[in-house]
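Only one structure is covered here, and it is reproduced in the block below.
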Amino acid sequence: MSAFAGVAEKAGYELVVPPMFEDLGVFLRIGESTDVVTKEMYDFEDKAGRRVALRPEHTAGVCRAFVQHRPLLPWKVWYAGSNFRYEKPQAGRFRQFDQVGVEALGSSDPLLDVEVVALAADFYASLGLRDVSLVVNSLGDAADRESYVGALREYFTARVGELSEESRANIERNPLRILDSKREADAAAISDAPSMTAHLGAEARDHFAAFTAGLRALGVAHTVDDRLVRGLDYYVRTTFEFRSTALDASQNAVGGGGRYDGLVENLGGPPTPGIGFALGVDRILLACDAEGVFPADPPVVEVFVVDVTGGQEALALTRELREAGWGCDRAFDARSMKSQMKSADRSGARLAVIVGPDEVTSGTVVLRNLVDSGQETVSRAELVSRLGAIRQRETEQR
Ligand code: AMP
């Protein structure tokens with residue numbers, strides 16, 4: 001999360017923390033023919049009989065907050081948190097899962113689409129992931145999409161005999177979903193299905209051309225897949241998905257997003273374009289594991305206090321060092337020197353401050369470097385300034 005915050009905040013996105021649950025109506029705006037809404041939502045009545053739901057995603061809640069509070073535009077925000085979907089749990093698919101993401105409201109400039117997509121790509125790269133590919137498409141404007149949906153409905157109706165039962169049920173409800181089917185039975189019919197490209201209006205086509213040109217200008221590798229549709233119904237124009245080639249096809253989507261220019265209006269706000277993405281944290285961790293690039297945070301504990309006088313000295317020293325800005329820990333239960341040194345090693349600290357009865361008498365401590373095992377005796381009163389000098393030297397050496 002801190003890695004994501006770093007990338008997002010450098011690009012001018014501020015943190016937003018939408019509520020974990022909302023009025024059910026907010027999520028119904030995601031689209032009533034979306035599985036996420038119809039089948040996967042954890043909705044219930046509260047004690048006053050209100051229908052509420054645990055959030056299945058963040059975008060609707062962020063747009064609701066925008067409509068309610070009307071921050072200045074453009075409003076660029078990032079978030080991190082759990083979502084809940086009543087799905088069949090399997091590898092990489094959970095009923096509670098975490099996402100990080102951004103939303104940018106208030107501009108339909110295709111260069112904003114480029115910024116948003118590049119930001120996600122930069123985040124994967126910052127983790128050291130190499131096997132992540134980007135697929136992009138345009139779903140056109142609302143009218144283009146409607147004409148495409150009509151063409152798909154006609155096409156799939158003609159080939160209904162070749163479809164799985166689930167996809168047959170989608171012909172009337174939402175034929176775009178059929179394109180997303182991973183079922184083998186549907187593969188042949190999908191591969192001959194009409195393409196979105198032919199249904200794009202001039203404006204959507206220009207927008208998409210400017211978007212892909214921007215990606216090329218930044219060197220963000222991508223492929224265009226004119227059958228890419230995503231699980232949420234509110235997308236128009238730009239849609240995109242990031243896939244990890246290190247993961248199995250059934251769970252290889254590590255993030256995705258798109259434009260949702262009509263969503264704010266749908267939630268009762270003024271017409272406000274928007275674009276965003278959500279990246280699946282659980283899947284990203286799986287991908288890091290598969291690629292062997294586990295980003296280890298630097299150890300937070302820098303100094304470990306080893307007190308063999310019973311523990312009172314450590315009580316005062318840890319407080320003093322924490323106040324001086326050091327990550328500092330200690331052991332409890334008056335354990336032996338050997339056992340405390342083991343804990344010091346395990347803590348990841350690079351320095352140990354050791355106090356025994358002799359040091360208490362002489363008003364000193366032993367400062368031990370746990371990396372090279374060098375040590376020195378330092379006056380207790382000068383400990384903080386001695387540590388400060390060590391930190392300064394380390395910073396200069398970096
Ligand atoms: P979506 O919100 O459906 O656009 O999904 C965005 C990303 O969230 C996906 O690419 C996945 O990485 C992740 N994701 C979605 N659903 C799940 C789930 N049930 N379990 C784990 N990750 C998920």
Side-chain angles (χ1 to χ4, degrees), residues 1 3-4 8 18 20 22 26-27 29-31 33-42 53-63 77-104 113 116-117 119-121 123-124 127 129 131-137 139 174 176-177 179-182 222 225 228-260 263 274-291:
M1 181 175 143
F4 186 73
M20 198 79 91
E22 296 258 4
V26 170
F27 300 120
R29 304 301 202 290
I30 294 171
S33 54
T34 307
D35 282 355
V36 168
V37 171
T38 52
K39 298 187 189 155
E40 297 168 5
M41 206 133 68
Y42 279 92
L54 298 181
R55 65 179 175 216
E57 52 101 66
H58 277 67
T59 308
V62 172
C63 289
V77 292
W78 71 274
Y79 60 77
S82 294
N83 296 317
F84 305 86
R85 293 184 193 172
Y86 193 78
E87 296 192 87
K88 198 167 155 225
Q90 50 193 286
R93 188 169 295 282
F94 312 108
R95 289 186 175 152
Q96 175 173 352
F97 60 97
D98 273 50
Q99 288 181 332
V100 290
V102 303
E103 312 293 351
D113 306 32
V116 163
V117 171
L119 208 128
F123 172 60
Y124 295 120
L127 298 177
L129 289 171
D131 302 335
V132 175
S133 59
L134 166 64
V135 184
V136 301
N137 190 23
L139 289 176
N174 187 353
L176 283 171
R177 292 265 57 77
L179 296 181
D180 226 6
S181 160
K182 302 269 190 295
H222 61 278
D225 175 356
L228 175 73
V229 289
R230 305 207 58 260
L232 304 168
D233 274 345
Y234 46 61
Y235 290 123
V236 290
R237 296 195 176 185
T238 308
T239 52
F240 52 93
E241 187 162 281
F242 289 90
R243 296 174 186 154
S244 164
T245 49
L247 297 178
D248 288 345
S250 58
Q251 54 169 47
N252 70 354
V254 288
R259 252 193 190 278
Y260 45 83
L263 185 59
I275 178 164
F277 63 66
L279 315 182
V281 173
D282 311 81
R283 301 255 180 105
I284 291 171
L285 292 176
L286 288 173
C288 286
D289 214 8
E291 286 199 39

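First listed ligand is number 1; within each ligand, the first listed atom is number 1. Because only heavy atoms are used, hydrogens play no part in the values below, and waters and symmetry mates are left out as well, while side chains stay in.
Tyr260 places no side-chain N or O within 3.5 Å of a backbone atom of Ile30 that could act as its donor or acceptor partner. In this structure a side-chain-to-backbone donor-acceptor pair under 3.5 Å is present from Gln90 to Lys88.
For the side chain to side chain contact (heavy atoms under 4.5 Å, CB included) criterion with Phe240, the lone passing option out of Val135, Asp113, Val136 is Val136.
With respect to the salt-bridge test (charged N to carboxylate O, under 4.0 angstrom), the residues Asp35 and Arg177 do not qualify. One finds no salt bridge joining Arg55 and Glu57 here, because no Lys/Arg side-chain nitrogen approaches an Asp/Glu carboxylate oxygen to under 4.0 Å.
The immediate protein surroundings of ligand 1, defined as residues with any heavy atom under 4.0 Å of it, consist of Arg85, Glu87, Gly92, Arg93, Phe94, Phe97, Gln99, Arg230, Ala253, Val254, Gly255, Ala278, Gly280, Arg283.
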Side chains of residues 279-287: which donor-acceptor partners sit under 3.5 Å, not counting sequence neighbours?
from: Asp282; atom 1: OD1; to: Asp98; atom 2: N; distance (Å): 2.8
from: Arg283; atom 1: NE; to: Gly92; atom 2: O; distance (Å): 2.5
from: Arg283; atom 1: NH1; to: Ala253; atom 2: O; distance (Å): 2.8
from: Arg283; atom 1: NH2; to: Gly92; atom 2: O; distance (Å): 3.0

